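Everything quoted here is computed from the prediction, not taken from an experiment. Below, read A as the first sequence line, B as the second, and so on, with proteins coming before strands; counting in each chain starts at 1.
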Amino acid sequence: MAKELAKQYDPKNVEDRIYESWLKGRYFHAKVENDKKPYTIVIPPPNITGQLHMGHALDNTLQDILIRWRRMQGFDTLWLPGTDHASIATEAKIVATMREEGISKEDLGREGFLKRAWEWKEQYGGRIIEQLKKLGSSCDWDRTRFTLDEGCSKAVREVFCRLYEEDLIYRGNRMVNWCPCCNTSISDAEVEYEEKDSNFWHLLYTVKETGEQLELATTRPETMLGDTAVAINSEDERYKHLHGCHVILPLLNKEIPIVCDEHADMTKGTGVVKITPAHDPNDFEVGKRHNLPVVRTFTYDGHLTGAADKAEADEYIASGKASADEPEVLDCGKYAGMTTMEARKAILEDLEAGGYIKYIEPLKHEVGTCYRCHTSIEPMVSKQWFVRMDPLAGPAIESVEKGETKFIPERFTKNYMNWMRGTRDWCISRQLWWGHRIPAWYCSNCGKMTVSKTDLDKCPHCGGDVEQDPDTLDTWFSSALWPFSTLGWPENTPELEHYYPTNTLVTGYDIIGFWVSRMIFSALKYTDKAPFDTVLIHGLVRDAQGRKMSKSLGNGIDPLDIIDRYGADALRFTLATGNSPGNDMRFSDEKVNASRNFANKIWNASRFILMNIGDEDIPCKLPENLALEDKWVISLYNTLVKEVTENLEKFELGMAVAKLYDFIWDVFCDWYIEIAKIRLQNNDENAKAAKQVLVWVMSNTLKLLHPFMPFITEEIWQTLPHEGESIMISEWPEYDEAHAFDAEEAEMERIMVAVRAIRNRRTEMNVAPSKKAKVYIATAYKDTFEKGGVFMQKLASASEVEIADSFEIEGAVSIVTADAKIYIPMGELVDFEAEKARLAKELAAVQKDLDFVNNKLSNENFVSRAPAAVVEAQKEAKARYEEKIAMLNESIAKLN
RNA sequence: GGUCGUUUAGCGCAGCUGGUAGCGCACUCGCUUGACGUGCGAGUGGUCACAGGUUCGAGUCCUGUAACGACCACCA
């Protein structure tokens, strides 16, 4: 039965069917096999709110390449998938849809809201997983995890409690980044700085003791109601007389001290800074140093505080439940209830009216914004939970220094180190409902707080009623545990035992700080092991113009759309090729097009093979007798195996795939298949041998390509003679010493050079390919060219080929290669003058090469200092050039 | 302000441990060549950003400069 394949490869006909067959075969499933070496990757869990974008496509393509390769190599591979609950993003999304229905979080209450959130998760949370399958991802879906599932929650509680017991987690009133839109604190890492136009407002405060006007500048005049001091530098000669004095705070007419603090920089502005401990991180530190009151003037939703806010705070402080560092709240009077921007305007107007503004200086200013909603963040003192970073960062730095985890490319180690060294305590509490609720309970009776792994309903101290902390944890707190929480930690499961520590983490450079570093310090703390040995960093996928893909620009390219139009293999090939680790890449239709063409090329090569096999029973096995061209292609394939494997080991995926491309297209299709056609014309043993080699090389090359282009390789492999169920569980080819045919490679090379030279000459002379001509080859390599003669007929339009030591031929075009002198009699076609000119030109070119080599060889220093092999190579080149020059001269002489 | 990256053919990019510069696309010319025009063959096109240095020899190593970009940073 002749197998018929379509003329063009249509991925739509194969991808889903093949993916189904893989799932059915359970090839993705990892079951602990202790006799095999494990290879583990945990997926960077995409947000449940997410839709597959190019970043995911790249990230997961790389992971799938690695995991498929290792699986074929015989490792017990686990690619563990899952999703992230993404607290802020998800909550914001749900709140937004609720708003459209006219419902607020408060309407539903916490429980009702969470119910709705889980429903949302059930409905949409799996969407991205389905999209990953379209890419061909070979994750063990049976082990799909969720950062908010039971196991992860257990790990989160365990970690929280242990850290708390060790005093590595604490609760306190600290300066945090507050997003008035999301209504929650966010960590330093979640603040993005954006340049905005603003002003420096130069204000005048009156010194109480001396009556002089003290000039100071501020970018945030709306915070002035919360000023509790102004600072000067103690060294500053201009203000020495003011030490110990006070200023009158305008508008409030409140007396506040002048303090000396290093924070006041003499070289900046007037050297005087207003201090607002409640709403500026630096000022907060200054306030602590000088025991200044902390006066909060903003509400958490971004308005100025009023009488009610003050009353509430006063009552809380009076109740005794508040800690000593609880900030005061100001009744901002006429400004109460204004947004910060409204307040800025009103306050400036009043300051202006009072003559307190000296002048206004325009300024470009980096303003912190929320990474989710891009609202300007307000630094705010508030009571939050923090992870103490210093004790955790130390070992994390050491571990990477020792090489327990390597970054690829290496330069990102520095990036990581900078982040680790510079990091401040990590604010982990969020004023959100969707997430891991903080396992701390407060007693309404004795006021004590208890942190507990299990839920409490009574106070363990006094038996009074308790209430759980309403806040939830930063999403990244649970992501930080992902490499081990997903394997069962804190239980010592067989999975944890076998697959942990994991091997490779594949992620973008943009989340080294957010995620990679936190996994490393968490893993070291809890498992005593680095969570992975290698971090493979990739860059961003940009649009064809090199711009970042973004919603606002509308230049995003949908991977699913690309898969639909070109196929998943073409997409994967595009993403894997032509770029090196850590560098951004551009994505364009032309590139996918080229990848699609490659897929089609492979498809047609296999179509050719199948067409020739027909009904014959051809084993995927090399024949006994190998022809020159067989040995040549096998030898090159053998080298390919070695190099691709080495490239993969070094994570040079782009290089590996480029070599596959070159081999398949240039070596296998353009040369080997063309030459094989000669034997295939007949129906004999030689033809059969050729078919076997075609099948064998193709089939094995498909294996090498499979990690990159899983669908098409599977489809073709299944159609070709093969053994086994699926290419994805076939054995990764290995380099075979017996298949290294150096001599045949060299022989083929001589012939190929001659073929190219003949084609070249014919083209130059505008000889139509259909016009055949006899070829005479004068060469010392008679054996080689005897074998290559038929190739010349097929590939170089030779009618027949004659080989001898030398020829005396008049009126022929002559071609000189390093190994042969070739004559093609073309009668009237030969223009003697043009031929002479051409030969002269070629002679000049070779002469130039010879000069170059001679120049080197006559350099005493080169001969004495360069390695012997290099010198030897130059000498050989010299001999070659000289020989060629002699032959060219001979040809020219004959024309005269 | 700090750190890092990029700069190679018209465009997009490779070039690992230094030994006369490659790939894809585009372009030019030719080809109904029994797998593929999503193809085949032959070409055009680069003083490897700039200036020094190390070396027998530098796209490759070192120093500096410039342009662009990224990340980090509390700059009132």
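- Rounded to whole Å, the distance from NZ on Lys878(A) to C1' on U20(B) is 16 Å.
- Atom CG in Asn604(A) sits about 13 Å away from atom C1' in G34(B), given to the nearest Å.
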Would you tabulate the pairs of protein nitrogen or oxygen atoms and nucleotide nitrogen or oxygen atoms of nucleotides 42-47 of chain B closer than 3.5 angstrom?
unit_1	atom_1	unit_2	atom_2	d
G43(B)	OP1	Asn760(A)	ND2	2.5

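- Taking the 5.5 Å centre cut-off and the 30° plane limit, the aromatic side chain of Trp603(A) is not classed as stacked on C36(B).
- Atom CD1 of Ile673(A) is separated from atom P of C40(B) by 11 Å (rounded to the nearest Å).
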Quiz item: What pattern of brackets, bars and dots sums up RNA chain B from 5' to 3', given Watson-Crick or G-U wobble pairs under 3.5 Å, [ ] for crossing pairs and | for another strand?
Solution: (((((((..((((.....[..)))).(((((.......))))).....(((((..]....))))))))))))....

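- For the pair Pro581(A)/His538(A), no side-chain contact is recorded, criterion being any heavy-atom separation below 4.5 Å from C-beta on.
- When distances run from any side-chain atom of Lys591(A) to the nucleotides G12(B), G19(B), G5(B), the shortest one goes to G12(B).
- Using a 4.0 Å cut-off between a side-chain N of Lys or Arg and a carboxylate O of Asp or Glu, Glu882(A) and Lys878(A) qualify as a salt bridge.
- Without hydrogens or angle criteria, Ser550(A) side chain to Leu553(A) main chain gives a donor-acceptor distance under 3.5 Å.
- C23(B) and A9(B) are spaced 14 Å apart, taking the P atom of each and rounding to whole Å.
- For the residue pair His263(A) and Glu285(A), no side-chain donor N or O sits within less than 3.5 Å of a side-chain acceptor on the partner.
- Residues Arg238(A) and Asp236(A) are paired through a salt bridge, judged by an N-O separation under 4.0 Å between the basic side chain and the carboxylate.
- Whole-Å rounding puts the Gln8(A) CD to G39(B) C1' distance at 10 Å.
- Between Asp543(A) and Arg586(A) no salt bridge is recorded (no basic side-chain N to carboxylate O distance below 4.0 Å).
- Taking atom P on both C68(B) and G41(B), the two are 43 Å apart, rounded to the nearest angstrom.
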Quiz prompt | Summary of protein contacts for nucleotides 70-76 of chain B, nucleotide by nucleotide, where a base hit scores B, a sugar-phosphate-only hit scores S (4.0 Å, heavy atoms) | solution = SS-BBBB

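- Residue Glu192(A) comes nearest to Tyr371(A) through the heavy atom pair OE2-CB, 3.7 Å, listed as atom of the first residue, atom of the second, then distance.
- Look at the C1' atom in both C61(B) and G15(B): the space between them is 16 Å, to the nearest Å.
- One donor-acceptor pair, N or O on each side, does fall under 3.5 Å between the base of A35(B) and the side chain of Glu674(A).
- Note: CG (Asn861(A)) to C1' (G57(B)) measures 10 Å, nearest angstrom.
- Nucleotides G69(B) and C13(B) are separated by 15 Å at their P atoms, to the nearest Å.
- Below the 3.5 angstrom threshold, one finds no donor paired with an acceptor across the side chain of Lys414(A) and the base of C4(B).
- The separation of C50(B) from G10(B), taken at their P atoms, amounts to 14 Å, rounded to a whole angstrom.
- Side-chain contact check for Tyr359(A) versus Asn199(A): every heavy-atom pair is 4.5 Å or farther apart.
- G43(B) and C62(B): their C1' atoms are spaced 40 Å apart (whole Å).
- Residue-to-nucleotide proximity on RNA chain B shows that, of Asn859(A) and Ala594(A), the 5′-proximal contact is made by Ala594(A).
- Atom-to-atom, CZ of Arg586(A) to C1' of C25(B) comes out at 14 Å; the value is rounded to the nearest Å.
- In this structure, Arg220(A) pairs ionically with Glu378(A), as a charged nitrogen and a carboxylate oxygen lie closer than 4.0 Å.
- For the C1' atoms, the distance linking C72(B) with U65(B) amounts to 24 Å, nearest Å.
- Looking at the side chain of Asp670(A), the nearest of the listed nucleotides C40(B), A35(B), G39(B) is C40(B).
- With Tyr672(A) as the aromatic partner, Lys677(A) does not meet the cation-pi criteria of under 6.0 angstrom to the ring centre and within 45 degrees of the ring axis.
- Comparing the P positions of C25(B) and A42(B) gives a spacing of 15 Å, expressed to the nearest Å.
- Ion pair Arg838(A)/Glu842(A) flagged as a salt bridge, since at least one NZ, NE, NH1 or NH2 atom sits closer than 4.0 Å to an Asp/Glu carboxylate oxygen.
- A parallel orientation is assigned to the rings of Phe598(A) and Trp665(A), their planes being inclined by less than 30° (bins at 30° and 60°).
- In this structure, the CG atom of Asn612(A) is 9 Å from the C1' atom of A35(B), given to the nearest Å.
- For the residue pair Asn597(A)/Tyr566(A), the side-chain donor-acceptor check at 3.5 Å is not satisfied.
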